[in-house]
Amino acid sequence: MEKLVIEGGAKLKGDVYISGAKNAALPIMAATLLTDEECVINNFPMMRDTVTMAKLLESLGKKIKYGKNKITVTSNGKPSHVASYELVSTMRGSFCVLGPLLAKLKKATVSLPGGCVIGVRPVDLHIKGIKALGAKVEIENGYVIATANKLKATHMYLGGVFGSSVLATANIMMAAVFADGETIIEPAACEPEVTDLANFLNKMGAKIKGQGSPRVSITGVKKLKGVTYSIIPDRIEAGTYILAAAITKGTITLHNANLEHLMVLVDKLKEVGVNLESKNNKIKVSPAKEIKPVSITTYPYPGFPTDLQAQFMALMALAEGVSIITDKVYPDRFIHIAELDRMGANIRREGSIAIIEGVKELRGAAVMASDLRASAALIVAGLAARGKTEVHRIYHLERGYVDFDGKLRSLGAKISRVQEK
Ligand code: EPU
């Protein structure tokens, strides 16, 4: 196993290229199950989660060829409707093969993903959605077994306790592509990754309207064809580098990034004192004189993304005053607090609220990564901390960031990979 060792204090400087969005790539990869023809996916982020999805697709009848920032997906002639526990349990995103398998093969047997460190994460909305389309659903031995000879279009309410669901919207959109008539999902998730999936499906020949709004309509078609498609830039990766620059008071330029997908971060960082400018898919980040405390609450898009909550908290740990962070998407996504406090932060949690009293400096420490975004937050904090920070269990990080430490090194960070003894 490896750890990351960071010598804090270097201001980030220079240019960084943003990869394709992980959370768009995963459902788009699943959508290739809807055709037997070849699909080429460009701007593909090569990371552990997308490789896990590729393995799952191989077990479901696909052949994957890897190229430079792209994959080509073809049929291997052995379609299967069974998504195994071994693959689904390692990554919840793989549950979005349910919809396409059901639509294409009329049967899907998909392992329930189980819990995860950021919360309970149920799949009731996915099940509710496919049932509304007329599928028969049983749960047996930890697997969802769904069957439907013919799915029927319907108008469905798909809101949950925490609002819309990204992957449930993706699953139902894909399940409904061949259903007779017009399916309407309300409230549909408005995340850019869901829009990207809808655009991919439309390029394949689907008839989807309203993507990006809370009311999405899918009119069934007979068949989908193979396409070449380029995935949108990863807004969470971009946001992470922006926050890393902000905490080190650095000046950096992001390439292949879309600031429109980060409006709320722009707004909040303006209050913090950090300036962001965008032109032609580039974003320039200029530092704040002093970091002002700003409170945020996470919500579904276009609200503040829960996937940047931990990294924003690292920045607020060094703000000149008190800020409050509330997570309304995952009320238990706060494991990073204890680790940030080990680095000298002054943060306490009350339910789904974190109260952060800014401190003058963070101090390097040995810390443990617990999930993908928490790992990123600890590294962001380590970049600004006095002395040496060691981040253990970095395999979480490798699930969802392309070459994070390499890109940071190219921006002048003093960060290295060391084999754990
Ligand atoms: N929820 C339900 N029932 C469901 C599904 C979701 O109650 O059937 C709840 C969840 O427990 C949560 C809320 O609804 O409280 C929203 O969850 P959502 O379904 O939108 O999350 P997801 O689709 O499982 C995706 C991303 C996550 C990201 C969330 C929220 C992928 C592969 N994952 O998960 O990304 O945090 O949307 O934006 O797209 C990450 O990249 O680090 C990550 C965790």
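We number each residue from 1, following the sequence as shown. Note that ligands are numbered from 1 as they come in the structure, with each ligand's atoms numbered from 1 the same way.
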Quiz prompt | Option from L262, I291, V294, I242 for which side chain to side chain contact (heavy atoms under 4.5 Å, CB included) with L269 holds | solution = I242
Self-check item: Centroid separation F44 to Y229 less than 6.0 Å
Solution: no
Practice problem: Output yes when D332 and R121 qualify as a salt bridge under the 4.0 Å nitrogen-oxygen rule, no when they do not. | Solution: no
Quiz prompt | Side-chain heavy-atom pair Y301, V264 within 4.5 angstrom cut-off | solution = no
Quiz prompt | Best match, L308, V166, L372, L167: closest heavy atom to atom 37 (O) of ligand 1 | solution = V166
Practice problem: Do me a favour and list the nearest non-hydrogen protein atom to atom 24 (O) of ligand 1 with residue, atom name and distance? | Solution: R121 NH2, 3.1 Å
Quiz prompt | Pair K3 + E390: basic N to acidic O under 4.0 Å | solution = yes
Quiz item: Per the side chain to side chain donor-acceptor pair (under 3.5 Å) rule, which among H155, K207, E182 passes with S217?
Solution: E182
Practice problem: Ignoring hydrogens, just give me the one of D327, V194, N23 whose non-hydrogen atom is nearest atom 39 (O) of ligand 1. | Solution: N23
Self-check item: Atoms in ligand 1 flagged as close to H126, the criterion being non-hydrogen separation under 4.0 Å
Solution: 8 (O)
Quiz item: Which heavy-atom pair separates S75 from D36 by the least distance, and what is that distance?
Solution: CB-O, 3.7 Å
Quiz item: Would you say R333 contacts ligand 1, with heavy atoms under 4.0 Å as the rule?
Solution: yes
Quiz prompt | Top protein contact for atom 3 (N) of ligand 1, by heavy-atom distance | solution = D124 OD1, 2.7 Å
Practice problem: Name the closest protein heavy atom to atom 19 (O) of ligand 1, giving the residue it belongs to and the distance to 0.1 Å. | Solution: S165 OG, 2.5 Å
Practice problem: Heavy-atom distances under 4.0 Å are what count here, so tell me which part of Y330 touches ligand 1: side chain, backbone, both or neither. | Solution: side chain
Quiz item: Should the pair E271-K268 be classified as a salt bridge under the 4.0 Å nitrogen-to-oxygen rule?
Solution: yes
Quiz item: Is the closest heavy atom of R92 to ligand 1 under 4.0 Å?
Solution: no
Quiz item: Under 4.0 Å between a Lys/Arg side-chain N and an Asp/Glu carboxylate O for R215 and E186?
Solution: yes
Exercise. Out of P122, A170, A168, indicate the one that has the non-hydrogen atom closest to atom 6 (C) of ligand 1.
Key: P122
Quiz item: Do the charged groups of R393 and E339 touch, with an N to O distance under 4.0 Å?
Solution: no
Quiz item: Between L125 and ligand 1, does any nitrogen or oxygen pair lie at a separation below 3.5 Å?
Solution: yes
Quiz item: What's the shortest heavy-atom distance between N171 and P100, and which atoms?
Solution: OD1-CD, 4.0 Å
Self-check item: Option among H261, E260, E193 that satisfies the side chain to side chain donor-acceptor pair (under 3.5 Å) test with R235
Solution: E193
Practice problem: Just let me know how V329 lines up against ligand 1, side chain, backbone, both or neither, with a heavy-atom cut-off below 4.0 Å. | Solution: both
Quiz item: So which heavy atom in the protein is nearest atom 28 (C) of ligand 1, and how far is it from that ligand atom?
Solution: D307 OD2, 3.3 Å
Quiz item: How far is atom 41 (O) of ligand 1 from its nearest protein heavy atom, and which residue and atom is that?
Solution: R373 NH2, 2.8 Å
Quiz item: Tell me, which protein residue and heavy-atom name are nearest atom 13 (C) of ligand 1, and how many Å apart are they?
Solution: F162 CB, 3.8 Å
Quiz item: Are any of the heavy atoms in G400 under 4.0 Å away from ligand 1?
Solution: no
Quiz prompt | Min heavy-atom dist T306 to ligand 1 below 4.0 Å | solution = yes
Quiz item: Is there a heavy atom in K22 that sits closer than 4.0 Å to ligand 1?
Solution: yes
Practice problem: Check whether any heavy atom of G160 sits under 4.0 Å from an atom of ligand 1. | Solution: no
